[in-house]
Protein chains: 2
Amino acid sequence: MFTGNKYIYLLLIFKISVLKEVLPKFNSTFSIDCVLFGFDEGELKILLIERNEEPFKDWWALPGNLVEENESLDQSATRILHELTGLSDIYMEQYYTFGDVNRHPQGRVVSIAYYALLRLGGDKVVKPISNYAKQAYWINVKDLPKLAFDHQQIFEKGMEKIMRRIKHQPIAFELLPEKFTLTQLQNVYEVILNKKLDKRNFRKKMLSFGVLRDLNEKQYGVSFRAATLYKFDKRKYAKLFSKEISF
Amino acid sequence: MFTGNKYIYLLLIFKISVLKEVLPKFNSTFSIDCVLFGFDEGELKILLIERNEEPFKDWWALPGNLVEENESLDQSATRILHELTGLSDIYMEQYYTFGDVNRHPQGRVVSIAYYALLRLGGDKVVKPISNYAKQAYWINVKDLPKLAFDHQQIFEKGMEKIMRRIKHQPIAFELLPEKFTLTQLQNVYEVILNKKLDKRNFRKKMLSFGVLRDLNEKQYGVSFRAATLYKFDKRKYAKLFSKEISF
DNA sequence: TTACTTAGTGTAAAAAATACACGCTATATT
DNA sequence: AATATAGCGTGTATTTTTTACACTAAGTAA
């Protein structure tokens with residue numbers, strides 16, 4: 001059957017083998033690494049995985065993956081987040097690209113870093129799924145283990161980023177459940193900015209922006225006096241964007 | 001001569017053709033694009049080249065080039081700036097990575113964008129050098145032509161970046177000659193922020209930071225009253241970094 | 001000498017940021 | 001039922017920062 005087309009047949013086989021040899025290099029040149037921030041039990045946490053593959057097998061690392069050929073960076077970040085957490089519709093932001101020659105021991109891999117802010121606790125607990133990881137855990141940012149690759153650096157830059165961003169944009173709300181108390185909100189600011197804030201001044205300023213809706217509703221099931229619940233009013237973003245909020 | 005090895009001969013030819021087809025793709029997967037800001041004659045300008053190669057031959061574009069395999073992104077940006085302008089020791093900052101699938105018509109090229117601030121005019125005129133460009137010009141940011149690729153978007157994001165940065169970091173000084181007048185400094189702020197500032201309030205605030213050294217020296221060779229020259233005191237950065245400067 | 005152009009200066013009012021302490025109230029305990 | 005507990009919620013005075021605003025001074029050119 002192939003007698004007349006021997007050449008072509010062999011060439012096809014060969015083509016496939018060459019492509020297999022070269023394309024993986026191509027495919028492995030970008031990756032996305034994600035710093036997923038979550039707020040739970042008064043602590044700021046990030047999602048870390050325990051690697052199950054070389055290099056850095058058994059090390060802790062930021063979740064990440066390779067970018068595929070037919071997806072944009074943002075799409076890739078969204079996909080990777082979904083694969084890891086099952087979550088969709090989470091706002092992720094690209095914040096820096098790490099491209100030192102030897103950052104990956106197996107070749108040149110440039111990594112584009114994204115962060116996202118997730119609501120933890122409550123009914124929306126994030127159950128990480130992953131095939132290249134043994135396990136995934138939420139770990140307090142003040143108590144991080146040693147990380148694989150240059151992930152320590154990637155984390156630190158992400159942390160700096162949200163410290164700056166929280167003064168300009170209402171990102172704190174993304175870490176809280178839909179209904180929250182002012183004390184919880186203040187906790188988010190305190191943990192991210194890493195300093196104590198004055199309760200009265202905090203409340204005065206926050207309420208003055210007019211982006212909080214008093215729900216006329218109280219916490220339920222807490223010991224001691226229940227606090228009023230608030231909701232974030234998304235239509236009134238603009239005012240917070242325009243100016244630095246100093247605490 | 002090749003009778004016994006016809007297959008191998010053909011396969012070799014084929015291998016070369018396949019590699020040529022695939023490897024350039026690999027090499028071309030990252031590029032650096034630079035937004036080089038300069039301040040001259042009271043105007044904020046950027047360096048644009050007129051392309052002399054396909055794709056987008058004859059279009060205006062941001063200067064940029066491919067990242068080589070043995071250099072980090074920062075090194076690559078520094079090299080590309082040097083090749084284009086002959087300048088060294090210029091601080092460049094990476095600010096965003098553009099990776100839409102179809103941003104480059106000839107394949108997947110992810111571009112890491114950097115900006116730099118340069119002193120124009122005086123004796124330090126930048127003479128751009130380039131081999132893939134017909135010419136390079138400094139063009140007022142308020143009067144930009146249509147740009148190749150997604151370079152309009154890259155420029156806009158860079159512009160936003162320096163608008164925000166100038167409120168936190170003393171980048172204005174990098175656009176001015178070593179000795180400058182307060183009016184020139186105010187001009188830089190006005191052009192970048194795109195609004196008029198009050199002269200007295202501007203001077204009061206700037207001087208209050210204590211980062212300006214009065215040189216007890218006047219402008220020379222100007223029509224009309226000569227202004228006092230100042231110099232930026234680099235040791236006193238910190239104060240400006242810590243807080244937003246509002247104008 | 002005059003006309004012109006830019007340099008250089010101060011104050012008052014408004015707004016924003018800061019510092020600071022105690023009574024309230026819902027729950028848990030006895 | 002009384003009491004202890006622990007987080008909730010509130011106001012004012014002071015200081016600092018921001019804003020608005022207009023004229024005189026000095027040097028150049030004709």
Side-chain angles (χ1 to χ4, degrees), chain A residues 39 41-43 121 166-168 176-177 179-191 193 195-231 239-247, chain B residues 41-43 121 166-168 176-177 179-191 193-231 239-247:
Chain A
F39 184 76
E41 295 167 358
E43 292 174 348
I166 201 174
K167 295 187 169 190
H168 293 274
L176 291 170
K179 300 174 179 185
F180 53 84
T181 69
L182 288 176
T183 301
Q184 288 168 341
L185 183 58
Q186 184 175 341
N187 279 343
V188 174
Y189 276 83
E190 288 181 338
V191 169
L193 297 174
K195 66 177 176 186
K196 276 264 157 219
L197 302 176
D198 179 86
K199 183 157 65 158
R200 276 174 295 190
N201 293 339
F202 180 84
R203 282 160 185 246
K204 200 192 312 175
K205 174 158 271 172
M206 267 300 154
L207 293 170
S208 78
F209 292 132
V211 297
L212 296 181
R213 268 236 312 285
D214 185 334
L215 292 171
N216 294 314
E217 209 175 319
K218 297 275 174 186
Q219 277 179 306
Y220 181 75
V222 291
S223 318
F224 316 115
R225 180 180 178 184
T228 301
L229 291 168
Y230 289 83
K231 200 181 157 182
K239 199 171 174 182
L240 282 174
F241 272 76
S242 62
K243 244 208 127 185
E244 175 158 356
I245 310 164
S246 68
F247 286 107
Chain B
E41 297 168 356
E43 292 174 347
I166 201 175
K167 296 188 169 189
H168 293 274
L176 290 171
K179 300 176 180 185
F180 53 85
T181 68
L182 288 176
T183 301
Q184 288 168 342
L185 183 59
Q186 184 175 340
N187 278 343
V188 174
Y189 276 85
E190 288 182 338
V191 169
L193 296 173
N194 198 27
K195 67 176 174 186
K196 275 266 156 218
L197 303 175
D198 178 87
K199 183 159 66 158
R200 276 174 295 191
N201 292 339
F202 179 83
R203 283 161 183 246
K204 200 192 314 173
K205 174 157 270 173
M206 268 299 153
L207 292 170
S208 78
F209 293 133
V211 297
L212 295 181
R213 269 235 311 287
D214 185 334
L215 292 172
N216 293 315
E217 208 177 320
K218 297 276 173 183
Q219 277 179 306
Y220 181 75
V222 291
S223 317
F224 316 116
R225 181 179 179 183
T228 301
L229 290 169
Y230 288 83
K231 202 182 156 182
K239 199 173 176 184
L240 282 174
F241 273 77
S242 61
K243 241 207 129 184
E244 176 159 356
I245 309 165
S246 67
F247 287 105

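Every chain is numbered from 1, with letters handed out A, B, ... down the list of sequences. Just so it is clear, the values below take in all heavy atoms, side chains as well, and ignore hydrogens, waters and symmetry mates.
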Legend entry - B/K179: salt bridge (Lys or Arg N to Asp or Glu O under 4.0 Å) partners, not counting sequence neighbours: B/E217
Legend entry - Those residues that, when tested against A/K199, pass salt bridge (Lys or Arg N to Asp or Glu O under 4.0 Å) (two or more places apart): none
Legend entry - Atom-to-atom span, CZ of A/F202 to C1' of D/dG9 - whole angstrom: 14 Å
Inset, instruction - Let me know the distance between CD of A/Q219 and P of D/dA6, rounded to the nearest Å. - result: 16 Å
Inset, instruction - Would you mind reading off the distance between B/L197 atom CG and D/dC21 atom P, rounded to a whole angstrom? - result: 15 Å
Legend entry - salt bridge (Lys or Arg N to Asp or Glu O under 4.0 Å) partners of B/K196, counting only residues at least two apart: B/E190
Inset, instruction - Report yes if some heavy atom in the side chain of B/R203 is under 4.5 Å from a heavy atom in the side chain of B/T183; otherwise report no. - result: yes
Legend entry - Summary of protein contacts for nucleotides 20-30 of chain C, nucleotide by nucleotide, where a base hit scores B, a sugar-phosphate-only hit scores S (4.0 Å, heavy atoms): BB-BBBBS---
Inset, instruction - Would you please confirm or rule out a distance under 4.0 Å between OP1 or OP2 of D/dG7 and any side-chain N or O of A/T183? - result: no
Inset, instruction - Round to the nearest Å and state the distance from A/L185 atom CG to D/dC8 atom P. - result: 13 Å
Legend entry - d(OH, B/Y220; C1', C/dT6) in whole Å: 19 Å
Inset, instruction - Let me know the distance between NZ of A/K196 and P of C/dT18, rounded to the nearest Å. - result: 17 Å
Inset, instruction - Figure out the CZ/C1' separation between B/R203 and D/dA25, and round it to whole Å. - result: 13 Å
Inset, instruction - Quickly work out the B/M206 CE to C/dG8 P distance and round it to whole Å. - result: 16 Å
Inset, instruction - Could you pull out all residues at least two apart from A/K205 that satisfy salt bridge (Lys or Arg N to Asp or Glu O under 4.0 Å)? - result: none
Legend entry - Set of residues satisfying side-chain contact (heavy atoms from CB on, under 4.5 Å) with respect to B/S223, sequence neighbours excluded: none
Legend entry - Side-chain N,O (A/K205) to OP1/OP2 (C/dA17) below 4.0 Å: yes
